[in-house]
Amino acid sequence: MAADTNKTRRIGDVEVSAIGLGAMPMSIEGRPDEARSIATIHAALDAGITLIDTADAYHLTATDDGHNESLIAKALASYGGDTSDVLVATKGGHLRPGDGSWTLDGSPKHIAEAAEASLKRLGVEAIGLYQFHRPDPKTPYEDSVGAIRDLLDAGKIRMAGISNANPAQIKQAQEILGGRLVSVQNQFSPAFRSSEPELELCDSLGIAFLPWSPLGGISRAGELGAKHPAFHTLAEELGVSPQRLTLAWMLAKSPYVIPIPGSSRPETIRDSYAALDLQLTADQVATLDAA
């Protein structure tokens with residue numbers, strides 16, 4: 001599909017849609033049936049989205065590891081159009097034992113094995129963007145990021161990123177990767193703004209900042225306007241959803257921000273993508289910043 005240059009941003013040397021699709025809701029608790037999930041991914045592609053975010057830990061039971069990665073591979077394979085410019089970003093370092101909990105394994109051995117498994121599920125020769133999912137207190141951070149560097153050097157992954165990192169870890173990862181860190185994926189939303197320092201650091205370094213749960217999480221996204229009156233009021237004035245306004249606000253904060261709202265319905269990802277057509281004034285952005 002041809003990219004609209006007014007609606008794209010860069011991760012490393014790759015141009016992607018300025019809003020991505022967070023695919024996690026299609027594979028964890030409350031996930032829809034496969035047909036609706038594939039329809040959602042296809043709707044995202046139809047709209048112009050060329051960034052899909054996943055992880056090997058996005059699954060429900062102890063026996064369906066990598067469910068989300070396999071789902072994305074199936075959706076891309078069954079899509080009628082060209083998907084050669086779609087960047088699938090996945091992650092390793094989290095585990096889900098099947099009891100609803102999330103555990104950590106940032107050991108180099110696990111990272112290497114997880115990346116190999118992701119490669120197979122995605123059916124690619126090299127993973128487009130591979131990110132260390134979350135720091136593991138049991139493993140020195142430099143060892144975990146060093147494993148990502150080794151994957152990059154070996155050509156198993158094309159680009160390297162980190163997730164859930166603080167400013168010191170971003171700088172450390174950039175050093176370990178020899179200046180090749182291309183993305184940081186942290187939680188950021190109207191309700192969760194403590195990642196502002198990481199966003200600002202990424203902006204200064206020219207590294208893509210990918211807000212996860214930008215609308216407050218799949219179970220709370222519908223309450224965004226009710227919980228944040230300034231967003232509700234301005235959204236009503238502009239005739240758009242509070243969710244669309246929120247994404248437009250994030251895009252206006254830095255040219256390196258690429259939100260990845262989670263979705264499991266075609267209509268919600270279409271509304272999210274429409275944020276690219278919403279241009280906010282400096283005053284409007286300042287109002288939301290202060291809200």
Side-chain angles (χ1 to χ4, degrees), residues 11-14 22-24 27-28 52-59 61-70 72-73 87-99 101-187 195 198 201-202 205 207-210 212 260:
I11 299 178
D13 60 358
V14 177
M24 184 178 77
S27 291
I28 62 167
I52 302 177
D53 176 76
T54 183
D56 61 356
Y58 295 166
H59 60 91
T61 70
T63 57
D64 68 346
D65 287 28
H67 177 277
N68 202 242
E69 292 174 327
S70 299
I72 289 166
L87 176 64
V88 177
T90 192
K91 299 179 286 293
H94 248 317
L95 298 164
R96 296 207 80 196
D99 60 0
S101 67
W102 296 77
T103 58
L104 298 167
D105 189 346
S107 67
K109 180 177 183 290
H110 173 74
I111 295 293
E113 291 172 352
E116 288 288 352
S118 292
L119 266 171
K120 291 185 176 68
R121 284 189 290 264
L122 293 171
V124 294
E125 293 180 3
I127 295 170
L129 172 59
Y130 195 72
Q131 302 163 104
F132 178 43
H133 205 151
R134 187 180 289 273
D136 176 8
K138 301 185 302 297
T139 305
Y141 196 65
E142 58 268 26
D143 292 353
S144 299
V145 178
I148 303 292
R149 177 199 59 216
D150 293 345
L151 292 168
L152 191 59
D153 290 342
K156 301 277 188 180
I157 66 176
R158 292 201 167 94
M159 296 187 293
I162 55 176
S163 184
N164 301 300
N166 63 36
Q169 289 165 335
I170 294 171
K171 293 173 183 175
Q172 185 180 9
Q174 178 72 314
E175 183 177 348
I176 293 167
L177 291 165
R180 295 176 292 173
L181 179 68
V182 301
S183 66
V184 174
Q185 183 174 323
N186 275 19
Q187 185 176 7
S195 283
E198 290 84 5
L201 178 59
C202 286
L205 295 173
I207 294 171
F209 183 83
L210 314 180
W212 63 263
I260 46 172

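- Closest approach of Ile127 to Ala115, counting heavy atoms only: CD1-O, 3.7 Å.
- Atom NZ of Lys138 has more than 12 neighbouring heavy atoms from other residues, nucleotides or ligands inside a 6.0 Å radius.
- Two residues are said to be in side-chain contact when any heavy atoms from C-beta on lie closer than 4.5 Å; Leu181 and Ile170 meet this criterion.
- For the salt bridge (charged side-chain N to carboxylate O under 4.0 Å, His left out) condition, the pairs that include at least one residue of residues 175-187, sequence neighbours left out, are Asp153-Arg180.
- For Arg121, the salt bridge (Lys or Arg N to Asp or Glu O under 4.0 Å) partners at least two apart in sequence or on another chain are Glu69.
- Legend: residues meeting side chain to side chain donor-acceptor pair (under 3.5 Å) with Arg96, ordered by chain and number and at least two apart, are Glu29.
- Side-chain rings of His67 and His59 stay apart, their centers remaining 6.0 Å or farther from each other.
- The NE2 atom of His94 sits 10.0 Å away from atom CG of Asp136, with the distance rounded to the nearest 0.5 Å.
- Put simply, CZ on Arg134 and CG on Asp105 are 14.5 Å apart, with the number rounded to the nearest 0.5 Å.
- The line from OG1 of Thr61 to CD1 of Ile28 is 13.5 Å long, rounded to the nearest 0.5 Å.
- Each of Asp53, Ile11, Ile157, Val88 was checked for a side chain to side chain contact (heavy atoms under 4.5 Å, CB included) with Leu129, and the lone residue meeting it is Ile11.
- In this structure, Asp56 has no salt bridge (Lys or Arg N to Asp or Glu O under 4.0 Å) partners at least two apart in sequence or on a different chain.
- We find the CZ-OG distance between Phe209 and Ser195 to be 4.5 Å, quoted to the nearest 0.5 Å.
- By the 4.5 Å heavy-atom criterion applied to side chains, Gln185 and Asn164 are not counted as neighbours.
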- Task: Any chance you could lay out the side-chain contact (heavy atoms from CB on, under 4.5 Å) test for His133 and Leu104, step after step, and finish with the verdict?
- Result: CA-CA 9 Å; His133 205 151; Leu104 298 167; over 6 Å; no

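- The heavy-atom pair separating Gln131 from Ser183 by the smallest distance is OE1-OG, 3.4 Å.
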Name each donor-acceptor pair under 3.5 Å that joins a side chain in residues 141-151 to protein atoms two or more places apart or in another chain, with its distance.
residue, atom, partner, partner atom, Å
Glu142, OE1, Gln172, NE2, 3.3
Ser144, OG, Gly106, O, 2.6

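- The heavy-atom pair separating Phe132 from Gly93 by the smallest distance is CE1-CA, 4.3 Å.
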- Message: Set out, in order, the CA-CA distance, both residues' side-chain angles and the distance that settles side-chain contact (heavy atoms from CB on, under 4.5 Å) for Val184 and Leu210, then state yes or no.
- Response: CA-CA 6 Å; Val184 174; Leu210 314 180; over 6 Å; no

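- The side-chain heavy atoms of Leu95 and His110, taken from C-beta on, include a pair separated by under 4.5 Å.
- Residue Ala62 comes nearest to Pro97 through the heavy atom pair CB-O, 3.1 Å, listed as atom of the first residue, atom of the second, then distance.
- Applying the salt bridge (Lys or Arg N to Asp or Glu O under 4.0 Å) criterion to Glu198, with sequence neighbours excluded, gives no partner residue.
- Residues Pro108 and Thr139 come closest through the heavy atom pair CD-CG2, 4.3 Å.
- Rounding to the nearest 0.5 Å places CD of Glu113 at 9.5 Å from CD of Glu116.
- Between the side chain of Asn186 and the backbone N or O of Ala165, at least one donor-acceptor pair lies under 3.5 Å.
- Asn68 places no side-chain N or O within 3.5 Å of a backbone atom of Thr54 that could act as its donor or acceptor partner.
- Shortest non-hydrogen contact noted between Pro135 and Ser163 is CD-O, 3.9 Å.
- Of the N and O atoms on the side chains of Tyr130 and Lys156, not one donor lies less than 3.5 Å from an acceptor on the other residue.
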- Verify side-chain contact (heavy atoms from CB on, under 4.5 Å) between Val14 and Arg158, making sure each step is shown before the conclusion. CA-CA 10 Å; Val14 177; Arg158 292 201 167 94; over 6 Å; no

